[in-house]
Protein chains: 2
Amino acid sequence: MHIENVLLRPPVTASDRVLLEIQKAIVEGSIAPGSKMSEPELAKRFEVSRAPLREAMARLERCHLIERTPNAGARVVTLTPQGLLSLYQLREELEGLACRLAAENMAEDEITELRDLLNAHLQTQRVREGESYYQEAGDLDFHYRIILGSKNPYLINILCDELYFLVRMYRVQLGMNGPRVSRAFDEHKAIINAIANRDGELADLLMRRHIGASRQNIEIQLQNKGN
Amino acid sequence: MHIENVLLRPPVTASDRVLLEIQKAIVEGSIAPGSKMSEPELAKRFEVSRAPLREAMARLERCHLIERTPNAGARVVTLTPQGLLSLYQLREELEGLACRLAAENMAEDEITELRDLLNAHLQTQRVREGESYYQEAGDLDFHYRIILGSKNPYLINILCDELYFLVRMYRVQLGMNGPRVSRAFDEHKAIINAIANRDGELADLLMRRHIGASRQNIEIQLQNKGN
DNA sequence: CGCTACACAATTGTCGACAATTCTTGAGTA
DNA sequence: TACTCAAGAATTGTCGACAATTGTGTAGCG
C-alpha cells in the first residue's frame, strides 16, 4: 500500500528501471555516500547502454541524490548536519503549506481514506513493534497523501519527487527506529482532525511542529554518529 | 548586471548552449505555449545531435517549461490562471522563508551591495521610464540576491533554477509593465531595511505581501487577456 | 454511416563508436 | 625532495544508426 513514486510513471522504459534501482541503492547506502558514479561501470552493472543511464543520472541529480560537474562526472551526495538542516527548513515550510491547502482542497472521501490509513498503520504497528521499515513506509504514506491533497502540482513535484528521496536517505542511513513512533501517531491524528475541520491554519502549525520534532530526532542520531 | 542563471554553469557544453536558447525561446513565446517539441526538428534547428538536445529537454522539464510523456514526446506548457496561482502560492512561502533566512545569514557587505543595487536601479528606472525589460531584470536581480543570501542550497535551487523561468514566462508573455513599478521599489526598500535590521519575521511578512501584490497584478492582466 | 482493426509512417528510446576533456602518472628540473 | 609539465589513460560529451513504440490513415465489417 506504500505509494512509492507518486509522479514517476511505472518503469516503462529502461531508464526508469535503472533509475529506480540506483535510487534504492543510494538511499539504502549500498552505493556509498561520496562515492564516484562511473558511467561505464554503472552501465555494465545494470546492463544498459550509457544513454538511458545518463538519463537516469540526470534525474538522480534532480532529486539531489548525486552531484554532477560537467566533464568530470558525478558523486553520491554526502549526509551532513547542514544539509539536514537545510532540507528540513524547507520541509517545514512546504509541508505546512501542503497541510493548509489540503485542509481547503481535500475531498471528504480522501480525508476518510487518510483516517483509515492511519488506523491500519496503528494495527500493524502494534503487531510488528519496532520494524522500522513499515513504520517509515506508513509515515511517508501519510505525508504523501496530504501533499497530494494540496492539489498544487508544483508543490507535489518538489516534495514527492525532488526532496523525499533525500529525506528517506537520511532516515534509512541513520537507522530511524527510535521511541518517537507512538508520538508520531498522535501527531498524525491531530493533523487529520485539523484537516477534517477545514482548519488550515492549525493543520499548518501542527505539521510544522511534527516535522520540527522529526528533525530534532534525526539530529540527535546524526550527532551520536559523529562522536 | 542581470544574473541570468545562478546555478547554471556558463554554457560549456553543447547541451548547455541549446538549453539556454530554447529556454529563452519558450519564455519569450517564440516557441508557442502548447506546441509540440519535436526532437528531430529542434535538433536540426539548433544544429546539434539528438543526444544533447534530449539532455536539454530533460532540464526544460525540470524547470516546468515543457511536459513530457514517455514514448509520446513533449509539449510546451500552457499558461493558466490555476497554474499561476499554484506557482505564486509556492513563491510566497519560499521567498518568505528566503527572506527570513537572509536576515539571519546575509553578510553585511552583501546587504550593502543589495542597497547599492536598488539605488542603481532607481536611477535607470527614472531615465528609462517604462522600459519593462530593465525593470523586470532589476526586480529579478533583487529577488535572486536575497534568495542566495538565504544560504540554503535546496531553496536556492528550487527558486532560481526550477521556478523562476516560469515566473518570467508569465511576466513576459502577459507584458508586465504596469504602474506597479514605483510601488515595487518602495516595497523592495522596506524589505532591505528589515533584512539589515536582522528582523527575519518582518522581512518574511513584507516579502509575502510583495509577492502577493505581484500576483494580483498578473492575475488582472491574465483576466483582461481572457476576455 | 459508424466503428474496429490492421498496416504504414513518424517519433521516441537505445545502442555502439568517436571526439573532447579531464585525471593520472612519471620524467625532468630547480 | 618538492614542484612543473607533458604524455598517456580513462572518462564524459556527442554523433549517427537501429529498435521499439505511438499516432495516423485506410480498408473492412457490422
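Below, chain A is the first sequence line, B the second, and so on; all start at residue 1.
Across all strands, A51(A) comes closer than 4.0 Å to base atoms (heavy-atom distances). Here M57(B) lies out of heavy-atom contact (under 4.0 Å) with every strand.
Between D161(A) and R59(A), none of the side-chain N atoms (NZ, or NE/NH1/NH2) sits under 4.0 Å from a carboxylate O, so this pair counts as no salt bridge. Ion pairing of E28(B) with R168(B) is absent here, as no side-chain N (NZ or NE/NH1/NH2) approaches a carboxylate O to less than 4.0 Å.
Taking atom CG of L53(A) as the reference point, atom P of dT12(D) lies 9 Å away to the nearest angstrom. One atom, CD of E39(B), and another, P of dG13(C), lie 6 Å apart when rounded to the nearest Å. Atom CD of E47(B) is separated from atom C1' of dC15(D) by 15 Å (rounded to the nearest Å). Here dC23(C) presents its C1' atom at 12 Å from CZ of R75(A), a figure rounded to the nearest Å. Regarding E61(B), its CD atom lies at a distance of 14 Å from the P atom of dT12(C), rounded to whole Å. Protein atom CG of L42(B) is 11 Å distant from nucleotide atom P of dT11(C), rounded to whole Å. Atom-to-atom, CG of N71(A) to P of dT21(C) comes out at 7 Å; the value is rounded to the nearest Å. A straight line from CD of E55(A) to C1' of dT12(C) spans 11 Å, rounded to a whole angstrom.
Close to dG13(D), at under 4.0 Å from its OP1 or OP2, lies a side-chain N or O of R54(A). At dT22(D), none of the side-chain N or O atoms of K36(B) fall inside 4.0 Å of OP1 or OP2 (strictly under the cut-off). For the pair T13(B) and dT14(D), the criterion of a side-chain N or O lying under 4.0 Å from OP1 or OP2 is met.
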*Go through the steps to decide whether R115(B) and H188(B) satisfy the test side chain to side chain contact (heavy atoms under 4.5 Å, CB included), and finish with yes or no.*
CA-CA 9 Å; R115(B) 269 227 168 76; H188(B) 283 188; over 6 Å; no
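Heavy-atom nearest nucleotides on DNA chain C were determined for R50(A) and for R50(B), and the one closer to the 5' end corresponds to R50(B). Two residues, A72(A) and P52(A), neighbour DNA chain C, and the one matched to the more 5' nucleotide by heavy-atom proximity is P52(A).
Side-chain proximity of S49(A) to dT12(C), dT14(D), dT14(C): nearest is dT14(C).
Using a distance-only test at 3.5 Å, with no hydrogens or angles considered, no donor-acceptor pair links the side chain of Y154(A) to the main chain of L90(B).
Here the side chains of I31(B) and R45(B) are in contact, with some heavy-atom distance below 4.5 Å.
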